[in-house]
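Below: the structure, in structure tokens.
Just so it is clear, the structure is predicted and the values come from calculations on it, not from any experiment. Every chain is numbered from 1, with letters handed out A, B, ... down the list of sequences.
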Protein chains: 2
Amino acid sequence: MATPLFRRIDVAPAYQKVADAIEREIINGRIKPGEPIGTEQQLVEQFGVNRSTVREGIRVLEEGGLIRRDSSRRLQACLPRYNKLATRLSRALILHEVTFRELFETSMTLEVASVEGAVERATDENLAELAGNLARSAAVVGNPAGLAELDAEFHVLMAKASQNRVLQLAREPAAQLFFPTTEMIVGGVPEGGARLVEAHRHILDAIGRRDKEAGVLWTQRHLQDWRRGFEKIASLDRSVEHTYMEHAHAARQ
Amino acid sequence: MATPLFRRIDVAPAYQKVADAIEREIINGRIKPGEPIGTEQQLVEQFGVNRSTVREGIRVLEEGGLIRRDSSRRLQACLPRYNKLATRLSRALILHEVTFRELFETSMTLEVASVEGAVERATDENLAELAGNLARSAAVVGNPAGLAELDAEFHVLMAKASQNRVLQLAREPAAQLFFPTTEMIVGGVPEGGARLVEAHRHILDAIGRRDKEAGVLWTQRHLQDWRRGFEKIASLDRSVEHTYMEHAHAARQ
DNA sequence: ATATCTAGCTTTGTCGGACAAACAGATAAG
DNA sequence: CTTATCTGTTTGTCCGACAAAGCTAGATAT
């Protein structure tokens with residue numbers, strides 16, 4: 001094959017190239033999180049394209065979480081928030097019609113890994129946060145919605161205590177789909193709330209004592225409890241989407 | 001405080017509302033993946049906004065993976081690809097300067113979970129795919145770049161064999177950062193390629209025999225091998241970004 | 001002199017219209 | 001029946017414009 005006479009010409013639309021150019025500057029650290037990107041007019045001048053084109057490129061980066069607008073709507077680079085990206089992944093999981101069995105199995109793996117990390121590396125501040133959450137949980141043990149929210153927070157704090165950001169990120173999409181069901185379960189199972197708080201108490205205690213075995217054991221029990229409760233009201237093999245739809249429907253009645 | 005006379009009025013910009021409206025239709029299944037969304041002109045008429053506004057909304061959804069343009073650039077709904085979203089997450093991990101220690105610890109957890117699932121639920125087709133990968137790997141054992149690529153594929157296939165889509169998704173961001181280093185390691189450690197292929201062979205064998213213990217053991221050995229190899233060329237506690245930058249720099253010399 | 005207010009400038013969000021290139025479908029030629 | 005051509009659509013990009021919201025600096029009040 002002879003050397004081609006012409007180089008492959010760029011085929012990407014201009015708005016994409018604008019987005020890529022800004023992305024490169026952020027990824028390789030030339031623009032640091034928090035620093036301003038400039039006004040749309042400045043970008044128009046720098047890239048030599050129309051403002052509409054610049055704005056389309058901005059939308060791409062904004063959705064990707066790489067840039068955001070500050071209080072005065074000016075553009076600035078930012079650290080992509082796990083949470084926002086995880087929300088998109090959760091949505092993708094719903095569309096792929098994953099089942100609660102898949103969700104449960106993966107969450108079991110990730111929560112056990114979280115507690116192991118927390119037992120090894122939790123700081124006093126992590127412990128204080130978890131203790132604070134536990135106290136608030138104990139106070140709302142009869143309120144399924146409030147307790148569900150605090151349960152989700154407890155597990156976020158546990159992942160944070162593991163000091164492993166990759167783990168924090170990996171568990172988030174599943175957790176976003178998994179934990180909302182806590183409300184359904186706690187509300188439907190007598191003593192469910194008390195058992196939940198009790199499990200949290202033992203987990204926190206194990207983390208504080210650096211007792212990995214106990215931490216893992218109580219985390220497993222905690223999730224098995226969830227599973228038993230869930231199976232009383234729905235099937236593990238139904239898709240997440242269908243289960244939520246039905247619950248929303250039942251709640252409206 | 002008196003009951004407010006007026007409800008809070010919409011504050012979201014029009015392009016966002018366009019994106020949200022289309023997203024809702026896709027999420028709740030009224031528009032199924034593969035179905036057309038309509039032309040930009042039709043959306044202009046339906047939403048009663050300008051085409052520039054519609055296009056900004058489209059960019060948001062396109063970046064989110066909810067819609068794409070087919071061969072003739074027409075809009076259609078689509079299933080968000082894990083891979084694309086995982087790329088965003090990987091990028092986020094780099095910007096958060098996670099270390100290889102975090103990456104390694106989480107990957108160990110997730111790969112072990114994958115192999116456990118694969119041992120339990122791999123189909124004949126899964127086994128055939130893994131066997132095909134193994135044969136190709138054996139053929140390029142002296143080529144670090146080729147072997148690294150096939151190694152990454154082996155682990156993707158293993159996750160696929162677990163039949164757990166949540167797990168497949170959860171492992172992807174870490175894997176995208178983790179496995180590129182295989183090339184560095186295999187290239188730098190004599191016998192590294194042979195050991196890698198040998199480990200894959202034992203893992204596949206264990207999956208085929210439904211021997212969970214052996215599968216987990218060889219997966220752990222496989223990753224520990226990676227870790228030992230990695231520590232010969234870099235520190236586990238350096239950030240992923242720095243390590244890649246240095247490697248890219250060294251490779252150019 | 002300090003604090004507050006007001007007017008003007010800037011920037012964003014949206015709009016209308018325009019045009020070239022790429023494309024799909026229909027039509028004509030082989 | 002295949003190939004080539006024509007024609008209307010659609011996308012990507014551009015230009016210019018304007019109202020609303022934020023910011024800035026000078027004017028005003030205390």
Side-chain angles (χ1 to χ4, degrees), chain A residues 6-26 31 33-78 84, chain B residues 4-26 31 33-78 84:
Chain A
F6 299 106
R7 181 170 301 277
R8 184 179 178 78
I9 52 177
D10 60 358
V11 65
Y15 70 86
Q16 189 65 56
K17 292 202 278 188
V18 167
D20 289 345
I22 298 175
E23 171 173 340
R24 257 197 310 282
E25 295 302 288
I26 297 176
I31 304 177
E35 288 181 5
I37 308 291
T39 67
E40 293 179 4
Q41 186 55 38
Q42 286 172 321
L43 295 175
V44 164
E45 286 157 15
Q46 289 173 36
F47 290 112
V49 298
N50 191 270
R51 190 159 77 99
S52 305
T53 305
V54 166
R55 283 176 64 84
E56 288 189 38
I58 286 172
R59 293 294 159 250
V60 171
L61 295 174
E62 218 169 29
E63 180 66 9
L66 268 180
I67 69 179
R68 67 188 199 89
R69 292 184 179 275
D70 65 14
S71 60
S72 73
R73 318 241 112 186
R74 282 183 167 73
L75 294 168
Q76 64 176 212
C78 70
K84 183 181 179 206
Chain B
L5 252 176
F6 298 106
R7 183 167 298 279
R8 188 178 177 78
I9 54 177
D10 59 1
V11 64
Y15 71 86
Q16 189 65 54
K17 292 202 280 187
V18 167
D20 289 346
I22 298 175
E23 171 173 339
R24 259 198 308 282
E25 295 302 290
I26 296 175
I31 302 176
E35 287 181 5
I37 308 291
T39 67
E40 293 178 5
Q41 186 54 40
Q42 287 173 319
L43 295 175
V44 165
E45 287 157 14
Q46 289 174 37
F47 290 112
V49 299
N50 190 270
R51 191 158 78 97
S52 306
T53 305
V54 166
R55 283 176 63 84
E56 287 189 37
I58 286 172
R59 293 292 158 251
V60 171
L61 295 174
E62 217 170 30
E63 179 65 10
L66 269 179
I67 70 179
R68 66 188 201 88
R69 310 193 92 108
D70 65 14
S71 59
S72 74
R73 318 236 135 199
R74 282 181 168 73
L75 294 168
Q76 63 176 216
C78 70
K84 184 181 179 207

Whichever of A:R51 and A:S71 has its nearest DNA chain D nucleotide further upstream toward 5' = A:R51
query = Closer to the 5' end of DNA chain D via nearest nucleotide, is it A:R74 or B:R55?
reply = B:R55
Output the single nucleotide from [options] whose closest atom is nearest the side chain of [X].
X	options	answer
B:P13	D:dT10, C:dC15, C:dT14	C:dT14
B:T39	D:dG12, C:dT12, D:dT10	D:dT10
A:S72	C:dC23, C:dC15, D:dC23	D:dC23
B:R69	D:dT13, D:dG22, D:dG12	D:dG12

Could you check how far [atom1] of [X] sits from [atom2] of [N], rounded to whole Å?
X	N	atom1	atom2	result
B:E56	D:dG12	CD	P	14 Å
B:K17	C:dG13	NZ	C1'	12 Å
A:R68	C:dT12	CZ	P	15 Å
A:L75	C:dT10	CG	C1'	14 Å
B:E45	C:dG16	CD	P	12 Å
B:Q41	C:dA18	CD	P	14 Å
A:E62	C:dT12	CD	P	11 Å
A:L43	C:dT12	CG	C1'	13 Å

query = Is it true that a side-chain atom of B:K84 and a backbone atom of B:E63 form a donor plus acceptor pair closer than 3.5 Å?
reply =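 Present.
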Can you find a side chain N or O atom of [X] that sits less than 4.0 Å from OP1 or OP2 on [N]?
X	N	result
A:R73	C:dG13	yes
B:T53	C:dG13	no
A:N50	D:dC15	yes

key: Shortest non-hydrogen contact from A:A77 toward A:I37   = N-CD1, 3.7 Å
ask   = In a check of salt bridge (Lys or Arg N to Asp or Glu O under 4.0 Å) between A:E62 and each of A:R55, A:R69, A:R68, which one passes?
value = A:R69
key: Heavy-atom side-chain proximity of B:T39 to B:Q42 below 4.5 angstrom   = yes
B:L75 and its side chain to side chain contact (heavy atoms under 4.5 Å, CB included) partner, picked from B:D70, B:I22, B:L61, B:L43 = B:L43
